[in-house]
Amino acid sequence: MAEPIIEVKGLWTQFGTHVVHRDINLTVYRGEIMSLVGGSGSGKTTLLRQMLGLERPTRGEVHVFGEPLHGNDADELRRLRNRWGMLFQEGALFSALTVFDNVALPLRELHTIEEELIHDLVIMKLNMVGIEPMHATKMPADLSGGMIKRIALARALALEPELLFLDEPTAGLDPDRSESFVTLIKGLHRELNLSVVMVTHDLDTLVSLSTRVTVLADQRLVIVGTLDEVVANQHPFIRNFFMGERGRRALEAVKQVRDVISMI
């Protein structure tokens with residue numbers, strides 16, 4: 001059986017009298033792409049932030065790489081964070097830094113790598129996400145939305161992470177750029193043997209990338225399973241999410257791909 005890379009145990013999240021999560025238990029295994037979906041206010045982004053150690057649950061535990069996130073000292077948490085990368089929804093590039101310096105930042109923060117090597121590593125990471133070196137001197141304000149996503153992904157991969165977190169990776173992209181970005185993530189997942197946790201509401205992205213899907217609704221984890229297992233669930237959110245026009249179209253596309261593969 002695959003190795004657990006993230007373990008969430010008995011997690012509750014509460015703000016005053018408002019309960020967001022109620023007794024969440026979830027395991028993410030090495031090598032898979034786990035997608036988190038749920039309606040507005042279901043707490044999927046909050047759960048992602050708790051997996052990153054950016055927020056502390058009201059009670060319960062989050063372990064990453066077998067280590068508890070909450071209760072560790074700052075040095076240990078920093079060491080763990082160097083083993084994962086994060087792609088934020090809007091890219092979150094630093095507006096005052098060039099493309100090169102944005103990608104170089106995590107490498108420079110280690111204080112152990114010479115600048116000449118940092119230069120080579122940054123160019124390699126940019127090439128990995130399809131960005132030519134001539135763009136390295138540009139400022140974020142001069143970039144398209146698709147380029148911002150790719151450069152932010154290069155920064156997330158700067159420290160050779162084992163684990164990658166994606167928050168709405170295709171949000172704001174037109175269909176062609178979205179499809180291209182999904183293809184890029186799929187290729188990097190395979191080539192770098194990454195484990196991925198992704199929050200998304202985009203059905204095409206969800207269907208194209210997910211190994212398993214976690215559905216959050218009614219303060220609880222409704223189901224964790226393959227796409228087929230999730231779609232078969234009769235929970236109202238799942239029916240509305242997957243059985244609308246876009247959902248049926250995305251699922252039909254998957255069926256057609258499977259039919260073609262079965263004929264080969």
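Please read all numbers here as calculations on a predicted model, not as lab measurements. These values consider heavy atoms only, across backbone and side chains, with no hydrogens, waters or symmetry-generated copies.
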In one Ile/Leu/Val/Met/Phe/Trp/Tyr side-chain cluster, 4.5 Å: Val182, Leu227: no

Glu116 atom CD, over 12 foreign heavy atoms within 6.0 Å: no

Shared hydrophobic cluster for Ile185 and Met147 (ILVMFWY, side-chain gaps under 4.5 Å): yes

Transitive ILVMFWY side-chain link Leu216 to Val19, under 4.5 Å: no

Side-chain donor-acceptor contact under 3.5 Å, Arg56 with Thr13: no

Phe100 and His119 aromatic centres sub-6.0 Å: yes

Rounded distance [0.5 Å steps], CD1 in Ile113 versus CD1 in Ile118: 5.5 Å

Full working for salt bridge (charged side-chain N to carboxylate O under 4.0 Å, His left out) between Glu229 and Arg212: CA-CA 9 Å; Glu229 291 168 341; Arg212 290 192 300 153; over 6 Å; no

Gly85 to Pro161 - nearest heavy-atom pair and separation: N-CB, 3.6 Å

Phe181 side chain reached by Val129 side chain, heavy atoms, under 4.5 Å: no

same_hphob_cluster(Leu192, Leu121) at 4.5 Å side-chain heavy-atom cutoff: yes

Within-4.5 Å side-chain heavy-atom neighbours: Leu11 and Asp23: no

Value rounded to 0.5 Å, distance of CZ in Arg49 from NZ in Lys44: 14.0 Å

For Thr98 against Thr137, the heavy-atom pair lying closest together: CG2-O, 3.8 Å

Linked, directly or transitively: Phe65 and Val8 (ILVMFWY side chains, under 4.5 Å): yes

Side chain Ser210, main chain Val213, donor-acceptor under 3.5 Å: no

Thr211 (side chain) donor-acceptor with Glu32 (main chain) under 3.5 angstrom: no

Plane angle bin for Phe165 and Trp84 - parallel if under 30°, tilted between 30 and 60°, otherwise perpendicular: perpendicular

Straight-line distance of Glu168 CD to Gln89 CD, nearest 0.5 Å: 5.0 Å

Closest contact, heavy atoms only, Ser195 versus Ile5: OG-CD1, 3.6 Å

Step-by-step salt bridge (charged side-chain N to carboxylate O under 4.0 Å, His left out) determination, Glu160 to Arg83: CA-CA 7 Å; Glu160 303 286 342; Arg83 298 176 67 185; over 6 Å; no

Heavy-atom side-chain proximity of Thr27 to Lys9 below 4.5 angstrom: no

Approximate separation, where rounding is to 0.5 Å, of Leu143 CG and Arg150 CZ: 12.5 Å

Distance-only side-chain donor-acceptor flag, His21 / Gln219, under 3.5 Å: no

Met34 vs Thr214 side-chain heavy atoms within contact, under 4.5 Å: yes

Exercise: identify the closest heavy-atom pair between Val199 and Pro169: O-CD, 3.6 Å

Atom of Phe237, atom of Gly39 and distance for their closest heavy-atom approach: CE1-N, 3.4 Å

Donor-acceptor pair, side chain of Ser208 and main chain of Asp204, under 3.5 angstrom: yes

From Leu97 atom CG to Asn102 atom CG, the distance as rounded to the nearest 0.5 Å: 5.0 Å

Shortest non-hydrogen contact between Leu69 and Leu77, atoms and distance: CD2-CD1, 3.8 Å

Side-chain donor-acceptor contact under 3.5 Å, Asp142 with His135: no

Donor-acceptor contact present, side-chain Asn233 to main-chain His235, <3.5 Å: yes

Full working for side-chain contact (heavy atoms from CB on, under 4.5 Å) between Val224 and Leu26: CA-CA 8 Å; Val224 181; Leu26 175 65; 3.7 Å; yes

Separation of Thr46 OG1 from Phe15 CZ (nearest 0.5 Å): 5.5 Å

Side-chain touch Leu188/Leu157, heavy atoms, less than 4.5 angstrom: yes

Asp101 side chain reached by Arg108 side chain, heavy atoms, under 4.5 Å: yes

Steps toward side-chain contact (heavy atoms from CB on, under 4.5 Å) verdict (Leu203, Thr205): CA-CA 5 Å; Leu203 281 155; Thr205 301; over 6 Å; no

Check: Leu166 and Leu164 side chains under 4.5 Å, non-hydrogen atoms: yes

Polar side-chain atom of Arg155 near backbone of Val99 as donor-acceptor pair, under 3.5 Å: no

